[in-house]
Amino acid sequence: MQIAQSLSSLRPVWLSKVSHRLARGEGVRQSFVQQLNLFYDQLEQAVETGDPAWLNPVLDEWVQARTQSELENRDASLPVILNHILLLTFEVARENLSESDALDLMGAVLPVYTYTFEYTARLETKLHVEYVSHELEGAKATLERLDKSKSDFIAIAAHELKTPLTLIEGYSSMLRDQLPSREKSPQATIMMQGIDKGTRRLREIVDDMIDVSMIDNNLLSLNFQPVWLNRLLQVTQREFTETLKERNQVLEIHPFPGWDEMTFGDDERLFQALRNVVSNAIKYTPDGGRIVVDGRRLPGFVEMTIADTGIGIDPEDHTRIFEKFGRLGNASLHSSGKTKFKGGGPGLGLPITKGIVEAHGGAIWVESDGYNEAACPGTTFHILLPLRKDPPDDKSARLFRTVLEPNLQEEVQVEKVMNGQEVS
Ligand code: ADP
């Protein structure tokens with residue numbers, strides 16, 4: 001028997017067998033039979049012409065009708081279903097045709113089915129990728145909305161807190177002036193000190209919120225001037241002398257190539273960034289620990305490292321700590337002080353530090369084997385800063401002419417003497 005005839009003769013048995021095996025429920029089966037009929041029409045055409053692409057329209061329709069859960073379930077994928085249909089086709093052929101006719105038919109339909117596996121697998125993968133990227137876009141939009149809400153909250157809260165805080169600061173300063181001397185009224189002096197300490201901490205938090213808000217909105221403007229890292233580090237060392245003594249910690253600052261080179265930067269902001277990282281190193285290192293600042297000179301850059309012998313940070317949190325409110329579970333929940341062991345803060349210090357470093361064209365990242373309060377694996381922060389030898393604008397060039405061209409300093413002095421000006 002010719003293959004075309006065999007195929008045609010098998011249609012009723014094939015339809016009944018495939019629909020009963022693969023479709024559950026009468027209603028589903030009826031519409032499935034329609035689809036199978038269409039499939040069989042195209043299968044006959046494909047076998048007759050030798051072109052399996054005849055099946056494309058019906059396969060396209062099947063792929064488009066797939067639900068997401070079907071796409072995610074490997075057992076319900078179209079290539080798997082088509083494989084069942086192929087096996088049922090072989091079964092029907094073996095049961096209803098002579099052996100040689102069955103073999104001829106199997107040989108003819110096999111390449112067509114092989115084509116359908118590849119075709120549907122490709123289409124399903126494409127559809128799945130489209131679905132996943134759509135989901136990802138949705139998640140990204142949600143995250144962006146969330147980040148925007150955080151930014152808006154910070155900006156509004158900072159603004160709303162600023163005015164009453166300024167009032168408290170003003171009135172407490174007036175109150176301080178009115179107070180009798182410490183000897184006459186020791187109680188009132190202690191209370192006044194309490195108010196001062198509280199308002200100072202609140203001012204720091206509000207200032208941090210304002211900084212984060214400026215960084216978020218790209219409004220952080222830098223006041224460029226000549227900066228020397230060794231000097232900033234000396235100031236940092238001085239700033240923490242008392243605290244280091246209290247916590248029985250040492251801060252070692254090792255001289256490194258490039259640390260005494262002049263670079264243009266915002267010294268106040270860079271000091272703020274350094275202070276944040278060093279105060280974290282103190283906070284998250286137990287009493288008796290060691291903090292080492294070192295670095296190296298790279299072409300056009302200087303890389304500073306601040307390493308501590310503290311509790312460490314899990315690798316999965318290395319990005320999170322630079323996000324707003326990215327404080328980890330290891331910090332105490334309330335803001336218990338800037339340098340107490342594990343004394344939590346609002347989680348704004350590192351986002352600000354990152355904003356400042358990046359505004360200078362640099363980068364900051366962290367290295368730590370993980371969080372372990374018993375073993376204390378330590379944490380190392382890396383700060384990469386570009387060495388900016390040229391002034392950022394004409395105004396700075398004029399203003400810092402003498403620093404940029406040391407010979408000029410002498411000429412200016414001579415000029416002053418000649419003009420009868422005093423030279424100090
Ligand atoms: P916080 O105000 O909480 O200190 P930061 O933004 O400065 O906020 O730091 C975010 C979080 O990163 C901290 O809550 C802490 O969990 C973690 N962290 C920062 N520096 C260190 C460090 N040197 N060692 C261990 N954990 C650290």
Side-chain angles (χ1 to χ4, degrees), residues 147 150-151 153-154 157-158 200-216 220 236 239-240 243-244 247 249-253 269-295 304-359 363-383:
D147 196 58
K150 274 197 210 171
S151 290
F153 168 76
I154 295 175
R200 254 201 319 277
R201 183 74 191 111
L202 199 54
R203 166 60 63 191
E204 280 166 7
I205 294 172
V206 171
D207 285 348
D208 276 359
M209 288 164 85
I210 294 170
D211 284 350
V212 163
S213 175
M214 285 202 299
I215 288 165
D216 271 352
L220 186 78
T236 314
E239 164 103 358
F240 290 107
T243 317
L244 289 161
R247 301 282 320 276
Q249 293 174 335
V250 277
L251 171 62
E252 284 175 22
I253 299 178
R269 289 296 187 185
L270 285 174
F271 174 60
Q272 185 184 2
L274 262 175
R275 200 179 44 200
N276 281 343
V277 177
V278 173
S279 85
N280 275 346
I282 295 176
K283 256 197 315 192
Y284 298 103
T285 299
D287 290 4
R290 187 162 155 254
I291 296 139
V292 178
V293 178
D294 210 330
M304 230 185 321
T305 51
I306 298 101
D308 63 49
T309 55
I311 58 176
I313 305 172
D314 273 338
E316 64 258 34
D317 292 323
H318 287 185
T319 317
R320 200 177 126 204
I321 54 168
F322 293 104
E323 289 167 9
K324 292 184 287 280
F325 307 120
R327 41 184 301 163
L328 309 176
N330 52 31
S332 144
L333 258 187
H334 62 285
S335 194
S336 55
K338 291 214 87 170
T339 43
K340 281 203 181 122
F341 182 45
K342 295 196 291 167
L348 297 177
L350 286 179
I352 294 173
T353 305
K354 183 168 182 270
I356 293 173
V357 171
E358 287 179 354
I364 179 168
W365 68 97
V366 69
E367 220 186 317
S368 176
D369 286 345
Y371 162 70
N372 187 331
E373 284 197 25
C376 280
T379 302
T380 302
F381 277 88
H382 295 250
I383 298 179

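Order of listing sets the numbers, starting from 1, for every ligand and every atom in it.
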*Should Arg201 and Glu204 count as an ion pair when the cut-off is N to O under 4.0 Å?*
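Counted as a salt bridge, because a side-chain N and a carboxylate O are separated by less than 4.0 Å.
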*Where is the tightest heavy-atom contact between Gln249 and Pro286, given as atom of each residue plus distance?*
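Scanning both residues completely, I find the closest heavy atoms to be NE2-O, 3.3 Å.
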*Pro346 heavy atoms, cut-off 4.0 Å: which ligand 1 atoms fall inside?*
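Within the 4.0 Å cut-off of Pro346, ligand 1 contributes 2 (O).
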*With a cut-off of 4.0 Å, which atoms of ligand 1 are near a heavy atom of Phe381?*
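Answer, ordered by atom number: 20 (N), 23 (N).
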So between [options], whose heavy atom ends up nearest [atom]?
| atom | options | answer |
| --- | --- | --- |
| atom 2 (O) of ligand 1 | Gly349, Gly347, Gly310 | Gly347 |
| atom 18 (N) of ligand 1 | Ile291, Ile313, Asp208 | Ile313 |
| atom 9 (O) of ligand 1 | Leu350, Ile205, Ile306, Asp308 | Leu350 |

_Testing the 3.5 Å rule here: is there a donor-acceptor pair between the side chains of Asn276 and Thr353?_
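The criterion, which ignores hydrogens and geometry beyond distance, is satisfied for Thr353 and Asn276.
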*May I ask you to check whether Arg269 and Gln272 show a side-chain donor-acceptor distance below 3.5 Å?*
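Side chains of Arg269 and Gln272: pair found under 3.5 Å.
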*Under 4.0 angstrom from ligand 1, any heavy atom of Pro351?*
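The answer is yes: ligand 1 sits under 4.0 Å from a heavy atom of Pro351.
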*What do you reckon, does Gly312 put a non-hydrogen atom under 4.0 Å from ligand 1?*
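Heavy atoms of Gly312 do come under 4.0 Å of ligand 1.
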*Which residues share a side-chain contact (heavy atoms from CB on, under 4.5 Å) with Glu252, sequence neighbours left out*: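 Expected list: His254, Arg290, Val292.
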*asked:* Would you say CZ of Phe153 has more than 12 non-hydrogen atoms from neighbouring residues, nucleotides or ligands within 6.0 angstrom?
replied: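 Counting other residues, nucleotides and ligands, CZ of Phe153 stays at 12 neighbours or fewer.
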